[in-house]
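Data first, discussion second: the structure below is written as structure tokens.
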Amino acid sequence: MNDWQQRVVALAGMAQAAIAVQQAARTGRVHHEAVVDTLLNSVLNLEPESTEAVYGGVEGVRPGLILLAQQFRNNAQRDLEITRYMVGMVHLSRRLLSQPKSLDLLAERLHQVGRQYYEFGFDKHHVTASLASIYREVISPLGQPIKVNGSPQILQQETHQHLVRALLLSGVRSAVLWQQVGGKRRQFLFGRKRMLAAVTELLSVSA
């Protein structure tokens with residue numbers, strides 16, 4: 001996998017998290033449960049063998065790749081709410097990477113949750129609540145909070161709040177990965193054709 005493909009895989013993870021947040025905030029659920037599993041597992045996969053391994057392979061971010069293709073190809077069809085969520089994720093990830101103490105605390109907390117999930121068999125609801133707590137206590141204070149739009153009735157319920165925050169954490173994790181593989185904001189201005197080509201290549205591979 002070349003550099004551009006690695007970047008769009010991480011970007012697709014971010015996009016997938018953003019659309020999952022949108023769905024959860026509006027309806028109380030993500031349309032495909034497998035997407036939630038992929039995103040939560042990506043947060044707990046602290047020592048991946050490759051960029052795509054974070055998501056269990058390229059197929060794991062196929063919905064995100066499809067969304068990126070739509071966003072890159074047609075400005076008129078671009079979902080500005082999704083874009084805003086992704087911009088917020090990048091902002092928080094940049095603040096996180098600039099603060100070693102926060103990074104260390106994040107790693108420590110994620111190791112604890114990973115042990116609860118993989119070694120002790122804690123259920124997904126418990127893990128989701130733990131990841132939401134990490135987002136609220138470690139990530140959210142780093143910068144401008146991401147304002148989530150949705151149904152007030154849904155967002156007032158604790159279970160749905162946990163899911164949205166856990167999904168936001170997965171988006172920040174993908175934003176960190178994107179920067180680690182060379183992702184830069186200027187690429188959205190000068191590298192859109194390269195990114196779209198990489199998305200198209202990966203969609204053909206995962207079809």
Side-chain angles (χ1 to χ4, degrees), residues 1-25 30-32 34-43 45-46 48-98 139 142-144 146-149 167-207:
M1 186 173 288
N2 63 43
D3 291 345
W4 285 97
Q5 289 173 333
Q6 290 187 67
R7 290 168 196 154
V8 298
V9 164
L11 201 60
M14 211 190 312
Q16 196 156 297
I19 196 169
V21 167
Q22 184 183 69
Q23 291 170 358
V30 178
H31 295 174
H32 300 287
V35 167
V36 177
D37 292 339
T38 295
L39 292 172
L40 297 187
N41 285 327
S42 75
V43 179
N45 190 350
L46 301 180
E49 296 179 354
S50 61
T51 302
E52 64 271 25
V54 172
Y55 309 100
V58 174
E59 184 62 31
V61 289
R62 184 172 177 80
L65 289 169
I66 292 172
L67 177 61
L68 287 181
Q70 295 170 346
Q71 297 277 83
F72 287 151
R73 284 176 179 150
N74 193 332
N75 286 339
Q77 294 182 354
R78 187 178 302 168
D79 190 321
L80 295 180
E81 185 176 77
I82 295 294
T83 300
R84 181 172 62 80
Y85 290 157
M86 293 176 67
V87 169
M89 292 167 186
V90 171
H91 169 72
L92 288 173
S93 71
R94 290 170 66 88
R95 296 296 297 269
L96 175 63
L97 289 170
S98 71
I139 304 299
L142 293 174
Q144 183 69 29
I146 298 174
K147 182 181 178 181
V148 175
N149 296 329
L167 292 170
L168 287 172
L169 179 62
S170 76
V172 173
R173 191 272 183 269
S174 290
V176 167
L177 178 64
W178 175 67
Q179 292 174 83
Q180 289 173 333
V181 295
K184 306 289 184 183
R185 284 181 291 186
R186 65 174 179 269
Q187 291 163 1
F188 291 100
L189 294 175
F190 306 112
R192 293 178 69 85
K193 289 184 178 180
R194 296 285 298 275
M195 288 195 289
L196 179 57
V199 168
T200 303
E201 292 162 3
L202 290 171
L203 281 173
S204 66
V205 168
S206 65

Next item on the list: Verify the neighbour count for atom NE2 of His32: are there more than 12 heavy atoms of other residues, nucleotides or ligands below 6.0 Å?
Entry: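 No.
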Least distance between heavy atoms, [X] atom then [Y] atom:
| X | Y | answer |
| --- | --- | --- |
| Val9 | Glu52 | CG1-CA, 4.1 Å |
| Val43 | Ser170 | CG2-CA, 3.4 Å |
| Ala25 | Val148 | CB-CG1, 3.5 Å |
| Gln179 | Val90 | NE2-O, 4.2 Å |
| Ala24 | Leu167 | CB-CD1, 4.2 Å |
| Ala15 | Gly64 | CB-O, 4.1 Å |

Notebook entry, point to check: Going by atom types alone, do Gln16 and Thr38 pair a side-chain donor with an acceptor below 3.5 Å?
Noted result: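 No, Thr38 and Gln16 have no side-chain donor paired with an acceptor closer than 3.5 Å.
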Next item on the list: Using salt bridge (charged side-chain N to carboxylate O under 4.0 Å, His left out) as the criterion, list what pairs up with Asp37, not counting sequence neighbours.
Entry: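 Expected list: Lys124.
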Next item on the list: Go through the steps to decide whether Arg173 and Val54 satisfy the test side chain to side chain contact (heavy atoms under 4.5 Å, CB included), and finish with yes or no.
Entry: CA-CA 10 Å; Arg173 191 272 183 269; Val54 172; 3.7 Å; yes
Note to self: Run the side chain to side chain contact (heavy atoms under 4.5 Å, CB included) test on Arg7 and Met195 for me, step by step, so that the C-alpha distance in whole Å, both residues' side-chain angles and the decisive distance to 0.1 Å come before the verdict.
What the structure shows: CA-CA 8 Å; Arg7 290 168 196 154; Met195 288 195 289; 6.0 Å; no
Hey, could you give me the [atom1]/[atom2] distance between [X] and [Y], rounded to the nearest 0.5 Å?
| X | Y | atom1 | atom2 | value |
| --- | --- | --- | --- | --- |
| Gln71 | Ile19 | CD | CD1 | 8.5 Å |
| Arg95 | Leu142 | CZ | CG | 7.0 Å |
| Met14 | Leu39 | CE | CG | 12.0 Å |
| Leu202 | Leu65 | CG | CG | 5.5 Å |
| Gln5 | Arg194 | CD | CZ | 10.5 Å |
| Leu203 | Glu59 | CG | CD | 9.5 Å |

How about [X] and [Y]: do any of their side-chain heavy atoms sit closer than 4.5 Å?
| X | Y | answer |
| --- | --- | --- |
| Tyr85 | Asp79 | no |
| Tyr55 | Leu177 | yes |
| Asn149 | Arg84 | yes |

Notebook entry, point to check: Could you go step by step and tell me if Val58 and Met1 meet the side chain to side chain contact (heavy atoms under 4.5 Å, CB included) rule?
Noted result: CA-CA 10 Å; Val58 174; Met1 186 173 288; 3.7 Å; yes
Next item on the list: Kindly determine whether Ile66 and Gln70 satisfy side chain to side chain contact (heavy atoms under 4.5 Å, CB included), including the steps that lead there.
Entry: CA-CA 6 Å; Ile66 292 172; Gln70 295 170 346; 4.0 Å; yes
